Number of protein chains: 2
Amino acid sequence: MTIQQLSQEIGIGIDTLRIWERRYGFPVPDRDARGHRSYSLQQVEELRVVKTLQSLGQRPGKIFSLTPAQRRELLSELSAQGFPQDRGLQKLVYQMRPGEIGSEMSRQLDALDLVNFIHQYAVPLLQLLDHGWNSGQLSIAREHLISDQLEALLRTRLSGSSTGSDPSILFLTLSGERHKLGLLLAAVLFEQAGLPAIWLSEELPLSEVPALAQELEVVAVALSFSGHYSARQAKQNLSSLRKSLDPAIKIIAGGHAVRQFTSLPNLLICNDLKQVDLLAKRYFQPSSGRKDKS
Amino acid sequence: MTIQQLSQEIGIGIDTLRIWERRYGFPVPDRDARGHRSYSLQQVEELRVVKTLQSLGQRPGKIFSLTPAQRRELLSELSAQGFPQDRGLQKLVYQMRPGEIGSEMSRQLDALDLVNFIHQYAVPLLQLLDHGWNSGQLSIAREHLISDQLEALLRTRLSGSSTGSDPSILFLTLSGERHKLGLLLAAVLFEQAGLPAIWLSEELPLSEVPALAQELEVVAVALSFSGHYSARQAKQNLSSLRKSLDPAIKIIAGGHAVRQFTSLPNLLICNDLKQVDLLAKRYFQPSSGRKDKS
DNA sequence: AATACAAATTTGTCTAGGACAAAAAATGAC
DNA sequence: GTCATTTTTTGTCCTAGACAAATTTGTATT
């Protein structure tokens, strides 16, 4: 596997991979005839552990002072902490056949109303997926399979067409951000709080956002920056956006990469989906607090 | 705008941007206090033109021998060639309000059957979007808005759950590939030709594909590599995949980046959606040629 | 002991310029 | 014209050094 393939595969920059090798002596790949790096499958696995530990808050200096075995141990320690133990969810995530997953979710959604489904079912499910991914018990493929089903289900519950009368919020992710699900949950909640959501599922270049927001006449743009995004890049992008976007349009940002972010004008940080209702009420004076059940 | 932001924004590698500057003298960015490159908005626009010309088959040597104005001229020449002139589509793409787009599509889908909708409506629409993007008449944002609606609509028409009895095909894109729509059309067509599709909308790392294909017991994996993907990377990834995937599982590849690709064992190249029916019949002996209308 | 500030360390991304294979174009032979 | 061979073009990789931003450690003050 070339350095570029590896970089895409696990989401670590090429420069970073090279300097880790120089500084910490890991990963040291084989070289092909030309002297180019060639990584083994084992190294890919070990790097995935490293990446996960890092996104859990561990620093490289510490991570690389451990042996691979110790790293895995630390990982299971860290990810053993509180996560939902719900039997039904466990079964859905780890055992259910792919074909059944979607219908099980629909069943749950029918049983609860939309807002409760999000808080009581979708959020715990996301946490469980996150935990499964962190601890390595859940393959990325299966994680995608499940989150995909949830995405498909929730997208059908978004109005899809702004009525034009109410002020709406534009939800999108920037190029490079692959995790959309948390944002989608937020979009549904905002909509249920009376603020129609315009959902853009494809990643958009930063420079396109201002014009689009203008054209759609939204009152806010909501973005999510997951743990994969480095905090540095999130910061750069948010302040670039703040500069280029109409100052009257609010920016709502969420996700692990913006946990403690120095504030910008008209920027709201939303790290907990339970805040959505409060935010909606405080900052957007909703025309009506309607909660239409599906 | 930093070199990294620019690279993500337009999809050209950092190394490539630097060597263009060295070789062709463009783009020459300003430098900040540290000596780091800082690109202007005008340069971003000009680079978008360059990128588009390149994906239209022009080579850098030629592109950079032109002035920016000449480049724009060449672009309109090249993209003036045959594209659908359908009035209704033109209106949908360029004038319709975002809220109406989705319902107009649904109306068309109800009027035609699914297969005809794809061939007579969706494909021309995609071509028009492509043309609009190439010629710069259509903003990326609006393009995404429209293709997003189409995606949402078509996803509801996929079975979503494999029955388990018929052999199914797994459709996915690899990390870094942003264009899914063409592949989605193919998935719908394969399904209508009697081969259930399993659709994964999130981009998946290459190394995860073999295990997933095994678990889902599919007879083939279908991937798409759009013009954004360099032909080189598509090639590398396809042959990596061929090595790691069960040799009995076919690979179906499509998209501009695999136009003339030297063949690999059990690899089918599909560059025209009209071939789908033929491919399905020739290689997969469908259990039934059913065409259930929605 | 807690808080605030300064110094040291860690970390990721940038810089430069060189090398080389794969792809494309140009050349020559038939 | 077509095919095979050379030449040019082009993108990605290489090394090794620099430096700011973030974080930790150390010190002084309340």
Side-chain angles (χ1 to χ4, degrees), chain A residues 1-8 10-26 28-39 50-51 53-55 57-65 176 228-237 239 257-262, chain B residues 1-8 10-26 28-39 47 50-51 53-55 57-65 176 228-239 257-262:
Chain A
M1 174 167 278
T2 61
I3 195 168
Q4 188 171 232
Q5 286 179 312
L6 177 67
S7 171
Q8 275 210 330
I10 54 179
I12 294 176
I14 289 181
D15 278 318
T16 305
L17 287 168
R18 278 200 278 253
I19 206 136
W20 281 358
E21 183 182 343
R22 213 198 296 174
R23 289 205 183 124
Y24 311 112
F26 182 84
V28 180
D30 285 341
R31 300 292 180 128
D32 66 11
R34 291 172 258 169
H36 288 189
R37 290 171 175 79
S38 170
Y39 296 86
V50 170
K51 175 83 204 266
L53 281 173
Q54 202 179 203
S55 76
Q58 303 300 307
R59 307 195 68 199
K62 183 176 177 185
I63 297 174
F64 288 113
S65 68
H228 289 197
Y229 234 78
S230 76
R232 182 176 174 276
Q233 268 186 58
K235 192 168 187 172
Q236 275 183 356
N237 283 335
S239 66
V258 294
R259 288 215 147 259
Q260 66 271 49
F261 188 70
T262 58
Chain B
M1 173 168 276
T2 61
I3 195 169
Q4 189 171 231
Q5 285 179 312
L6 177 67
S7 171
Q8 274 211 329
I10 54 179
I12 295 176
I14 288 180
D15 278 316
T16 306
L17 287 168
R18 278 199 281 253
I19 207 139
W20 281 358
E21 184 182 343
R22 211 197 297 173
R23 287 203 185 125
Y24 310 112
F26 182 85
V28 180
D30 285 340
R31 300 292 179 128
D32 66 11
R34 292 171 255 169
H36 288 190
R37 289 170 176 80
S38 170
Y39 295 86
L47 278 171
V50 170
K51 175 82 205 266
L53 281 173
Q54 202 180 203
S55 76
Q58 303 300 308
R59 307 196 69 199
K62 183 176 178 187
I63 297 173
F64 288 113
S65 69
H228 287 197
Y229 233 78
S230 76
R232 182 174 173 277
Q233 268 186 57
K235 193 168 184 172
Q236 274 182 358
N237 283 335
L238 273 176
S239 66
V258 293
R259 287 215 148 258
Q260 66 271 47
F261 189 69
T262 57

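Because the structure is predicted, anything quoted here is derived from the model rather than measured. Just so it is clear: chains get the letters A, B, ... in the order the sequence lines come, proteins before strands, and each one is counted from 1.
- Between B/L47 and B/L17, the shortest heavy-atom distance links the atoms CD1-CD2, 4.0 Å.
- Dashed line: the shortest gap from a side-chain N or O of B/K235 to OP1 or OP2 of C/dA23 is under 4.0 Å.
- Contact check for B/Q5 versus A/N237: side-chain heavy atoms found under the 4.5 Å cut-off.
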Reading nucleotides 10-15 of chain C 5' to 3', which nucleotides get B (base under 4.0 Å from a protein heavy atom), which S (sugar-phosphate only), which -? -BBBBB

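- Summarising the geometry of B/K62 relative to B/Q58, their closest heavy-atom pair is NZ-OE1, 3.2 Å, with the distance given to 0.1 Å.
- Note: B/F64 and B/Y24 have parallel aromatic rings, judged against thresholds of 30 and 60 degrees for the angle between ring planes.
- Between the side chain of A/Q233 and the main chain of A/S230, no donor-acceptor pair closer than 3.5 Å is present.
- Partners of A/E21 according to the side-chain contact (heavy atoms from CB on, under 4.5 Å) rule, which considers only residues two or more places apart in sequence or in another chain, are A/V28, A/P29, A/R31, A/R37, A/Y39.
- Counting to the nearest Å, the P atom of D/dT9 and the CD1 atom of B/I63 are 15 Å from each other.
- With the end axes of the helix from C/dA1-D/dT30 to C/dC30-D/dG1 each set by five pairs, the angle from one to the other reads 10° at 10° resolution.
- A straight line from CG of A/D32 to P of D/dT12 spans 16 Å, rounded to a whole angstrom.
- For the side chain to side chain contact (heavy atoms under 4.5 Å, CB included) with A/V50, the lone residue among A/I63, A/I12, A/I10 that qualifies is A/I63.
- Across all non-hydrogen atoms, the minimal contact from A/A257 to A/Y229 is CB-O, 3.5 Å.
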